[in-house]
Amino acid sequence: MLDPKFLRESPEVVRAAIAKKHLTVDLDAVLALDAAWRGQLQEVEVLRAQQKAANTAMAALPKGSPEFVAKVAEMKAVSAQAKEKDTALKETEERWRQSMLTLPNLPHATVPEGRTPEENVTFSTHGDVATVSPAAVPHWEIGGFDRLFDFARGAKVTGAGFPFYVGDAARLVRALLHFFLDENARAGYTEVAPPIFVNAASATATGQLPDKEGQMYETTPDHLYAVPTAEVPLTNFFRDEILAEESLPVLRCAYTPCFRREAGSYGKDVRGLNRLHQFDKVELLKWVHPATSYTELDKLRDDAERLLQKLGLPYRVLLMCGGDLGFAQSKKYDIEVWAAGQKRWLEVSSCSNFEAFQARRAQIRYRSRETGRPELVHTLNGSGLAVPRVLAALLENNLQPDGRVKIPPALVPFFGKEFLSFAPG
RNA sequence: GGAGAGGUGGCAGAGUGGUCGAAUGCGCGCGCUUGGAAAGCGCGUAUACCGCAAGGUAUCGGGGGUUCGAAUCCCCCCCUCUCCGCCA
């Protein structure tokens with residue numbers, strides 16, 4: 001959510017921001033609702049002030065006295081009027097609040113113009129794409145793949161997009177998670193094991209609700225949501241809290257399985273491990289002082305990049321243009337790993353600065369020494385990293401002529417062997 | 001899941017219909033005092049919204065209701081604790 005005061009003072013800045021993100025929002029309707037709400041609020045508050053004054057006066061009067069009785073009669077009318085206007089106010093306020101939720105976050109000045117993914121800017125490229133296993137095949141075509149990554153049985157037991165990982169595959173998933181968590185701990189992120197179901201209030205604070213309920217699995221009868229990312233429980237950890245300024249920045253990471261319905265996203269891009277309904281991911285999260293959020297974003301991106309560097313996987317970093325930025329982000333880098341078999345880039349991390357957008361919804365603040373008042377923190381998050389696509393790249397890029405997959409040296413201590421084998425046994 | 005007890009400011013804890021945003025204590029901040037500190041004394045110490053301002057309004061777990069007036073009475077929900085049941 002945007003700062004309502006800022007919207008009032010600088011509606012044209014917001015209008016420009018909406019244009020940069022190539023979104024369509026009826027800003028004038030929001031402004032009109034805001035004006036209406038403030039007018040009604042004034043009226044109600046005047047009536048309430050009358051009621052309070054009368055209450056004080058009546059407290060000093062003898063209960064049954066003629067003055068008292070007269071006052072009761074008088075205030076009955078005021079009370080009725082106040083109730084009526086308050087009902088109207090509440091209605092306006094709710095409509096205003098809903099309309100405020102339709103306004104996107106403002107893109108940062110350094111975000112490039114552009115409407116489509118093609119207009120994202122390649123920020124950097126690492127590793128040599130050309131020299132990686134020229135004979136590589138898409139991972140689902142590797143001999144023995146179906147035995148270690150059992151999609152058929154996953155579909156039987158649960159549904160499409162819920163594979164079983166068997167033997168070395170399961171071991172490699174666990175090794176990657178362990179590696180990611182250890183590296184992140186070394187980088188200063190405190191590990192957290194959060195709940196993987198969240199309530200509606202939490203999903204609203206991070207922006208999944210309203211509008212994206214169709215993307216989440218919802219439980220019956222308790223109406224909890226299976227987390228689409230650890231970002232949701234992690235960000236909400238400090239919801240409605242005021243942090244000490246000295247405690248900032250707070251750095252945390254968490255592994256969770258992630259659940260996404262991915263409604264409507266079927267097609268060529270979703271084969272194998274590319275897109276699943278359940279996948280494992282380690283998420284990095286920062287709560288920072290507003291003055292530092294962009295240097296913290298750079299460091300966050302570096303932290304995610306380092307993981308791919310240590311695994312020896314080629315990747316590139318994209319700086320997202322306005323049109324591809326997303327509703328809640330001010331600035332976002334996507335990190336894409338090269339999958340040599342598919343000959344395409346796979347997104348494995350998305351590092352974003354939300355500035356105060358999430359913090360306002362979630363009411364996460366710090367007590368400012370400067371102003372002496374609570375101020376909103378800035379929140380940032382990024383994957384560090386998503387497992388299946390890293391796995392896909394690893395399988396494809398490191399495939400050996402003998403059909404085995406060479407495990408990167410950094411991962412060997414976690415995996416326990418130098419090669420993953422698809423052969424039975 | 002059953003039975004019972006509770007949820008008030010940073011914490012503890014009073015308050016059962018009116019002048020209560022809320023006593024008191026602790027904690028914290030500032031000042032006095034002191035060589036310095038402790039003690040003592042004094043003052044201060046929630047959050048949000050509206051308003052140019054003066055000022056006003058809201059909030060006692062959440063929501064609804066009764067009433068001229070609700071922290072206080074009624075209803076629903078959530079959470080915590082104790083006992084029982086079940087259970088990795």
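Keep in mind the model is a prediction, meaning the values are calculated, not measured. Just the heavy atoms: all of them, side chains too, but no hydrogens, waters or symmetry mates, feed the values below. Protein chains get the first letters and strands the later ones, always in sequence-line order, with residue 1 at the start of each.
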Checking all strands, does [X] fall into the base, sugar-phosphate, or nothing category for heavy-atom contacts under 4.0 angstrom?
X	result
Lys71(A)	nothing
Ala54(A)	nothing
Pro4(A)	nothing

- Query: Checking Arg153(A) against Phe164(A): charged group under 6.0 Å from the ring centre and within 45 degrees of the axis?
  - Reply: no
- Message: Whether Arg365(A) contacts U47(B) is assessed here as follows: a side-chain N or O lying under 4.0 Å from the phosphate OP1 or OP2. Is that the case?
- Response: no
- Message: When you measure from the side-chain N and O atoms of Arg373(A) to the phosphate of U47(B), is any distance below 4.0 Å, counting only OP1 and OP2?
- Response: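 Answer is no, no contact under 4.0 Å.
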- Note on the structure: Taken in chain and number order and not counting sequence neighbours, the residues that satisfy side chain to side chain donor-acceptor pair (under 3.5 Å) with Lys417(A) are Asp168(A)
- With sequence neighbours excluded, tell me which residues meet side chain to side chain donor-acceptor pair (under 3.5 Å) with Asp303(A). Tyr189(A), Arg306(A)
- Task: Take Val72(A) and Ala60(A), find for each the nucleotide of RNA chain B with the closest heavy atom, and name the residue whose nucleotide sits nearer the 5' end.
- Result: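 Nearer the 5' end of the strand: Ala60(A).
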Identify which nucleotide among [options] has an atom closest to any side-chain atom of [X], counting heavy atoms from C-beta outward.
X	options	result
Lys5(A)	G18(B), C49(B), U57(B)	C49(B)
Glu45(A)	U47(B), C68(B), C50(B)	C50(B)
Arg367(A)	U47(B), U66(B), U19(B)	U47(B)
Thr56(A)	U57(B), U19(B), A46(B)	U19(B)
Lys52(A)	U47(B), C68(B), A58(B)	A58(B)
Gln42(A)	U47(B), G51(B), U57(B)	G51(B)

- Query: Going by atom types alone, do Thr206(A) and Gln358(A) pair a side-chain donor with an acceptor below 3.5 Å?
  - Reply: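 No donor-acceptor contact under 3.5 Å links the two side chains.
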Indicate yes or no: does [X] engage [Y] in a salt bridge with an N to O separation below 4.0 Å.
X	Y	result
Glu283(A)	Lys281(A)	yes
Glu94(A)	Arg97(A)	yes
Glu43(A)	Lys85(A)	yes
Glu246(A)	Arg369(A)	yes

Is [N] paired to anything, Watson-Crick or G-U wobble with both distances less than 3.5 Å, and if yes, which nucleotide?
N	value
A53(B)	none
A58(B)	U47(B)
A70(B)	none

- Of the residues in residues 31-41 of chain A, which ones touch RNA chain B at a heavy-atom distance under 4.0 Å? Trp37(A), Arg38(A), Leu41(A)
Find the distance [X]:[atom1] to [N]:[atom2] and express it as a whole number of Å.
X	N	atom1	atom2	result
Leu243(A)	G10(B)	CG	P	14 Å
Arg48(A)	U67(B)	CZ	P	17 Å
Met75(A)	U67(B)	CE	C1'	13 Å
Glu93(A)	U59(B)	CD	C1'	13 Å

